[in-house]
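Hydrogens, waters and symmetry mates play no part in the numbers below; they use all other heavy atoms, side chains included.
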There are 2 protein chains.
Amino acid sequence: MEDTSVYDRSIAILKQNHIRITPQRQIILKYLINHHNHPSVETIYKALEKDFSNLSMATVYNTLRLFEDIGIIIQLPNKDGGVRFDFFGTPHFHAICEHCGKIIDIQYPNYNQLDHELQDITKKQDPDFTPSRSKVEVYGLCKQCQQKLNQ
Amino acid sequence: MEDTSVYDRSIAILKQNHIRITPQRQIILKYLINHHNHPSVETIYKALEKDFSNLSMATVYNTLRLFEDIGIIIQLPNKDGGVRFDFFGTPHFHAICEHCGKIIDIQYPNYNQLDHELQDITKKQDPDFTPSRSKVEVYGLCKQCQQKLNQ
DNA sequence: GTATATGCAAAATCTTTGCATTCCC
DNA sequence: GGGAATGCAAAGATTTTGCATATAC
């Protein structure tokens, strides 16, 4: 199963960073790998507390920040307050609807090249800054909202 | 003065969008044009309430959302909660320090071409989505934080 | 064994809302 | 004049903190 190796690779990254593998971190990681719904903190918490009682929001917050720091997930803006998250196994960017806030994954084969380009430009414009990753968001209107607004 | 015409052009955009020109909107717009410090809501409020008593946070929030909706400012993530804003007269992107959260403007001559490219890719990958603008952030370490972390 | 992570609940932040009043067009 | 914007304060969300307890390595 492909997901298992994604999971194993992620766990390896955690270990490389001397991060302890707790059950909470495992289930949150699994959730993020298996759900590409760009969940909010609360969505993750609600989904997991059923099977894993006495999980706390604080732990979910801690874990997500940790995962973001080491680059295996990225944070996305949420139209109505709060933020959302997305597992970042295959690098990609996001299209975000300005009207409803819907987030769509844009898988782009040359993302790595684009990422490299953006880091290059940044280093050229500001040699004092050492870039390590980039984040791209494209804003516009999703199909449903286009139709709604044209009525 | 260059800033005057930037201001006039922005006001024209507001009028095009049938947005009323209130004194509050004028001073907030002027502040954003003249300060490229990526201010938070509170920074703007604090700076303006001195000269403009009984300005309310609610109005600052409303105004910033409005300006963002019509695309004359963009919202940036803030490391420690909340968000920051930047006037978007000349299209550019941002370098953000992962360690201290510092935001640096990256003026890039071919930004428009890059923006166009990103919208093109998005449309190709998801024909149902109609893109209108893009946002690019490059993460890494600023000079100060590199030095700090290497000690 | 020890440093680290967790849960809990309270505190601190940040943002929105409702409504009476004011004001732009 | 009328619809829209504002200020205010309260409510609602979201996120962080402190500390005792539990646990990964």
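Between Lys15(A) and Leu66(B), the residue anchored nearer the 5' end of DNA chain D, judged by the nucleotide with its closest heavy atom, is Leu66(B).
Nearest heavy-atom pair, Ser134(A) versus Tyr111(A), reported as atom, atom and distance to 0.1 Å: O-OH, 3.2 Å. Across every non-hydrogen atom of Phe129(B) and Gly140(A), the tightest pair is CZ-N, 3.5 Å. Smallest separation of non-hydrogen atoms from Phe93(A) and Val138(A): CE1-CG2, 3.8 Å.
Here His92(B) pairs with Asp86(B), Phe88(B), His94(B), Asp105(B), Gln107(B) under the side-chain contact (heavy atoms from CB on, under 4.5 Å) rule; sequence neighbours left out.
The distance from atom CG of Asn17(A) to atom C1' of dA5(C) is 16 Å, rounded to the nearest whole Å. If you measure from atom CG of Leu14(A) to atom C1' of dA24(D), you get 13 Å, rounded to the nearest angstrom. dA5(C) atom C1' lies 15 Å from atom CG of Leu64(A), rounded to whole Å. Straight-line distance from the CZ atom of Phe52(B) to the P atom of dT22(C): 15 Å, rounded to whole Å. The distance between atom CG of Asn54(A) and atom C1' of dA22(D), rounded to the nearest whole Å, is 11 Å.
By the 4.0 Å N-to-carboxylate-O rule, Glu98(B) lies close enough to Arg133(A) to be salt-bridged with it.
Within the model, atoms NE2 of His38(A) and CG of Leu76(A) stand 6.0 Å from one another, a figure rounded to the nearest 0.5 Å.
Proximity of Leu48(B) to Tyr31(B): side-chain heavy atoms (C-beta onward) are separated by under 4.5 Å at one or more points.
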Exercise for the section: Do nucleotides 9-21 of chain C as a string where each nucleotide becomes B, S or -: B if the base has a protein heavy atom under 4.0 Å, S if just the sugar-phosphate does, - if no protein is that close. Expected result: -----SBBB----
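Cation-pi geometry between Lys30(A) and Tyr7(A) is met: the NZ or CZ atom falls under 6.0 Å from the ring centre, inside 45° of the normal.
Within residues 18-28 of chain B, the residues approaching DNA chain D are Arg20(B), Thr22(B), Gln24(B), Arg25(B), by heavy-atom distance under 4.0 Å.
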